[in-house]
Structures are given as structure tokens and as C-alpha cells.
Amino acid sequence: SAVISQKPSRDICQRGTSLTIQCQVDSQVTMMFWYRQQPGQSLTLIATANQGSEATYESGFVIDKFPISRPNLTFSTLTVSNMSPEDSSIYLCSVEGSMSGGRAFFGQGTRLTVV
Amino acid sequence: KQEVTQIPAALSVPEGENLVLNCSFTDSAIYNLQWFRQDPGKGLTSLLLIQSSQREQTSGRLNASLDKSSGRSTLYIAASQPGDSATYLCAVIYNFNKFYFGSGTKLNVKP
């Protein structure tokens, strides 16, 4: 299994500011995924981050709003830029578990509140 | 477009009952299916993973089944306990490791 550490666990931010969320994995993984979970909703994939290449964004998500870094095989960051109250959500990172039969592992999430 | 539906959206049962959570999906060409548990304000904990070639998986009091042809999976929880109270999510995985999540079933097990 993979152990994922996500920071911060929660934050309250002013609108118009940006927050960077960090995701650290205890093993090297090819693909990392960032999800958003809006209040009362299920998870929606924001983007897929591969090391050494630009992230691939899903429909409705753009790099200017959610820039992603993937400097190595164990670390990624997601920035939520120019925040508004609508960005209040839980943000989760996930890794693909190709060594675990495809099982996915998730961080504990970052609960973001924008005021 | 792949859609994943979970029924019921919420469920409240007394302790000790056996219960079934349902998950249906529109595209049967899945790679695998995974059941997760999410506690309030927390991340996801993996419960069971069923490969597309498998029919079921068991872990303790949990049993998950998969019927690709009908686009359905069920999660069976035996002898429910208050500690089982959480939201249960199913995720269907297609190629390129893309997960499509259902909206979840919020379970409350009353002591």
C-alpha cells in the first residue's frame, strides 16, 4: 500500500488569495491525481499529474486556476488560485496503485474554506 | 459519458443488521471497481477492490460483488456496528486509471 501525506489538513482563506496544497507519497508513483469534493457531493477529478510533463486537466478545470507541480515521483502540489467562496471544498490527492492491482490510495484531504 | 449511481443515498439501521449498498454504472467496459469509506471531513479509505475478471471480494464483515454485464456492484455489510457509520463510495475505473465516483451512501448505524 501507499501512504500519502497531505498538507495542510484544513485552511480558511480570504477570497482573492491562493493556497498551495502539498501531497507526499512514501513510494515512487507514476501518476498522481487531484480531486475536488464540493460540500455534499462526490469526488470530481481535477487533473492527472505525471512527473516531467504538464498536468492533464479534466473538462471544466484550467491550469491558470489550478496550477499543478510534479517535480519528482513522490511529490506534487496543487494551487487553488484567486480563490472565491465557490472554491470551498475538500481537495484530495490520490495515487494509482499499479503495484497493488490497481487499488487507489488517497490522502486525508485538505478542507478549504474561502471567506 | 460514464455515470455511477449509488442507491440509497442515505440509510439508517439499528446495530446488528445486515445491509446492502448498491452501485450501478452505465459503461460495462470497466478495468476494476473499488469501494471506499469516507468519514466526515476526512479522506477516503479503501475497503475492497474487485478486478473486472472477478465476481466478488471479501474482507471481514464486508463482501463486494460485481456483475459487469448488468453494470452493478453491491457492498454487503454483515452485523453492522456503530463504527460502520460513514459515507460509502464506489468508484469505477476505466482505462488510464480514471476513477468515476458515485455520490455515495451515507450510513448511520444506531446503537
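Reminder, nothing fancy here: chain letters follow the sequence lines and each chain counts from 1.
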Handout entry: Greater than 12 external heavy atoms within 6.0 Å of K68(B)'s NZ
Key = yes

Handout entry: Side chain / backbone / both / neither for E58(A) at chain B, heavy atoms under 4.5 Å
Key = side chain

Problem - Interface moiety of Y100(B) toward chain A, non-hydrogen atoms closer than 4.5 Å - result: neither

Exercise for the section: Answer with side chain, backbone, both or neither: which region of L92(A) has an atom nearer than 4.5 Å to a non-hydrogen atom of chain B? Expected result: side chain

Practice task
Flag yes if more than 12 heavy atoms outside K42(B) fall under 6.0 Å of its NZ atom; otherwise flag no.
Solution key: no

Handout entry: Within 6.0 Å of CZ in R61(B), more than 12 heavy atoms from elsewhere
Key = yes

Practice task
Measure across L43(A) and F101(B) and return the closest heavy-atom pair with its distance rounded to 0.1 Å.
Solution key: CB-CD1, 3.8 Å

Handout entry: Co-membership, hydrophobic cluster, residues W35(B) and L62(B), 4.5 Å side-chain
Key = yes

Problem - Which portion of L89(B) sits near chain A, non-hydrogen atoms under 4.5 angstrom - result: side chain

Handout entry: Residues, nucleotides or ligands: over 12 heavy atoms within 6.0 Å of E54(A) CD
Key = no

Completion exercise
What one should report as the nearest heavy-atom pair of S42(A) and S103(B) is CB-CA, 3.5 Å

Handout entry: Transitive ILVMFWY side-chain link F61(A) to L45(A), under 4.5 Å
Key = no

Exercise for the section: Side chain from CB out, backbone as N, CA, C, O: work out which of these in Q38(B) comes under 4.5 Å of a heavy atom of chain A, or both, or neither. Expected result: side chain

Handout entry: Interatomic distance, Q37(A) atom CD to T87(B) atom OG1 [nearest 0.5 angstrom]
Key = 8.0 Å

Exercise for the section: Using the rule that two of Ile, Leu, Val, Met, Phe, Trp, Tyr join whenever any of their side-chain heavy atoms come within less than 4.5 Å, decide whether V80(A) and Y57(A) are in one cluster. Expected result: yes

Fill in the blank from the handout: Rounding to 0.5 Å, atoms CG (L48(B)) and CZ (R103(A)) come to a distance of 7.0 Å

Exercise for the section: Group every Ile, Leu, Val, Met, Phe, Trp and Tyr by side-chain heavy-atom contacts under 4.5 Å, then state whether L11(B) and V4(B) land in the same group. Expected result: yes

Exercise for the section: Using non-hydrogen atoms and a 4.5 Å limit, figure out which bit of L47(B) sits close to chain A: side chain, backbone, both or neither. Expected result: backbone

Practice task
Working to the nearest 0.5 Å, report the span between CZ of F36(B) and CZ of F106(A).
Solution key: 4.5 Å

